[in-house]
Amino acid sequence: MTEHATLGDFDVSAAWHVAGPYPFLARLRREAPVFRSARLGAYVLTRYADVRAAYGDPRRFSSKGSLTISRSLTQETRDKLGEHGSFLSSFVANVDPPDHTRLRRSVSRAFTPRAVAALEQEFRRLNEDLLDRLAPRGRADFVTEIGHEPSVKLTARFIGVPEEDEAFVQEHVKDWFQLFLSPQPPQRQLELAASFLDYLAYVDRLVAERAARPRDDFTSLMTALIGAELTHREVVELISTILLGGNDTVPNQLGNTVLRLLREGRWPVPEPLLAGASEECMRIDGASLGSFRYAAEDVVLHGVTIPAGSLVLLSTDSAGHDESVFPEPERFVIDRPNAAEHLVFGYGIHFCVGAALGRLQLRTALEVLGRRLPGLRLVPGQEIAYRRSLVGRGLTALLVEW
């Protein structure tokens with residue numbers, strides 16, 4: 001039991017909480033599986049069975065409005081955002097059926113197995129091109145120089161973002177993630193809000209351009225459905241959030257994964273073990289820490305009543321370390337038989353529509369990096385630090401050499 005594990009509440013502003021909250025979460029699973037967090041203003045579910053059941057029960061644990069706005073925004077920031085303070089109000093992960101059914105059906109058209117497979121070769125080429133440039137240097141910051149670029153470029157091309165706009169999108173996606181999903185001081189909130197409004201205006205223009213001149217990309221596919229299956233706002237929010245996954249979540253998972261493999265002395269991963277290693281890394285070091293829901297009615301669980309209307313955090317981070325499902329959960333087992341049962345991508349009707357693409361990217365990047373940089377190692381003496389966030393885990397930097 002660490003000093004931090006004895007604290008009485010989540011502290012998302014503390015570095016230990018994002019980097020290594022596992023003794024604390026283990027204690028919650030044992031002693032308070034339904035935990036009322038004063039800091040979050042939410043009930044927290046920590047056991048695997050409860051988290052999975054809540055994901056699978058949209059009638060009692062509603063997604064409607066669960067991503068809409070950070071509860072830490074000041075009134076001045078809310079005023080600046082105006083109508084966009086409810087951004088994501090119509091995103092597929094933020095609504096319940098029947099709207100969810102309609103939105104997911106539309107998005108799924110772009111994520112068929114054939115479409116995802118076609119992206120593999122492009123992603124592989126992007127990684128190879130990057131390493132052609134970087135390999136002679138012998139040293140890099142994995143986070144800023146290796147982990148992000150291929151995923152950013154693949155996502156941009158999938159969406160239809162012109163190459164000259166990729167840097168703009170990457171910077172502004174990072175800002176909106178910080179605004180809505182991590183605690184920020186009041187002045188910084190206003191700066192991020194201005195960036196976010198610029199970003200929304202850009203995506204809005206992109207949608208308008210593709211509506212007028214369609215191309216072979218996701219934006220054109222979705223704009224063709226405006227008026228029939230989707231609204232203009234729904235398309236803007238879909239595009240914005242898929243860009244978040246490619247610009248942030250997937251690269252963060254790759255960074256977490258490479259750090260884990262290097263620390264465990266399992267680099268490079270033999271090709272037959274790549275799929276299992278990817279799943280185990282997502283289980284033990286997931287880039288997604290959980291999802292929020294609202295209790296649609298009074299819910300009694302483990303003797304605790306969660307009142308109707310209460311915010312509830314489904315802690316997939318804790319679920320992935322639940323010893324009743326994953327024996328010796330703090331031990332990295334590269335061929336763990338049930339590693340893929342983690343809940344990083346959610347479960348049930350809200351299982352991530354881009355999960356297949358995310359898994360493909362992680363496996364492909366590990367294969368190319370392992371083959372091209374078999375001597376990859378951590379630069380000695382560096383301090384490993386994580387961004388502070390309510391729902392995501394990502395490294396601020398990772399110095400490597402080869």
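Position 1 is the first residue of the sequence, and the numbers go up from there.
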Exercise. Would you say Glu330 has more than 12 foreign heavy atoms packed within less than 6.0 Å of its CD?
Worked result: yes
Exercise. Any Lys/Arg nitrogen of Asp298 or Arg60 sitting under 4.0 Å from an Asp/Glu carboxylate oxygen of the other?
Worked result: no
Exercise. Would one find more than 12 heavy atoms of other residues, nucleotides or ligands at under 6.0 Å from atom CG of Asp216?
Worked result: no
Exercise. Any ion pair linking Arg205 and Glu209 (charged N to carboxylate O, less than 4.0 Å)?
Worked result: no
Exercise. Is the cationic atom of Arg336 (NZ for Lys, CZ for Arg) positioned less than 6.0 Å from the six-membered ring centroid of Phe326 and within 45 degrees of its normal?
Worked result: no
For this session: Output, in order, the C-alpha distance, side-chain angles, deciding distance and verdict of salt bridge (charged side-chain N to carboxylate O under 4.0 Å, His left out) for Asp248 and Arg387.
Result: CA-CA 12 Å; Asp248 196 90; Arg387 295 183 323 182; 2.9 Å; yes
Exercise. Is the Lys NZ or Arg CZ of Arg293 less than 6.0 Å from the centre of Phe61's six-membered ring, within 45° of the axis?
Worked result: no
Exercise. Taking side chain as C-beta onward, heavy atoms only, is Tyr43 less than 4.5 Å from Leu301?
Worked result: no
For this session: Please answer whether the main-chain N or O of Val344 pairs with a side-chain N or O of His342 as donor and acceptor at a distance below 3.5 Å.
Result: yes
Exercise. What residues form a salt bridge (charged side-chain N to carboxylate O under 4.0 Å, His left out) with Glu164, not counting sequence neighbours?
Worked result: none
Exercise. Passes salt bridge (charged side-chain N to carboxylate O under 4.0 Å, His left out), Arg125 versus Glu128? Steps please.
Worked result: CA-CA 5 Å; Arg125 186 185 65 76; Glu128 297 279 10; over 6 Å; no
Exercise. Taking only residues two or more places apart in sequence or in another chain, which ones pass salt bridge (charged side-chain N to carboxylate O under 4.0 Å, His left out) with Glu264?
Worked result: Arg260
Problem set entry | Charged N-O contact under 4.0 Å between Glu341 and Arg52 | no
Problem set entry | Ion pair check, Asp217 and Arg157, cut-off under 4.0 Å | no
Exercise. Using 30° and 60° as the class limits, which term best fits the ring planes of Tyr202 and Phe168: parallel, tilted or perpendicular?
Worked result: tilted
For this session: Go through the structure and list residues passing salt bridge (charged side-chain N to carboxylate O under 4.0 Å, His left out) with Lys153, not counting sequence neighbours.
Result: Glu163, Glu166
Exercise. Out of Glu191, Gln189, Gln187, which one pairs with Thr77 under the side-chain hydrogen bond (donor to acceptor under 3.5 Å, both in side chains) rule?
Worked result: Gln189
Exercise. Is Arg215 atom CZ crowded by more than 12 heavy atoms from other residues, nucleotides or ligands, each under 6.0 Å away?
Worked result: no
Exercise. Do other residues, nucleotides or ligands put more than 12 heavy atoms under 6.0 Å from the CD atom of Glu76?
Worked result: no
Exercise. Salt bridge between Arg59 and Glu297, side-chain N to carboxylate O under 4.0 Å?
Worked result: yes
For this session: Can you measure from CG (Leu119) to CG (Leu126) and round to the nearest 0.5 angstrom?
Result: 10.0 Å
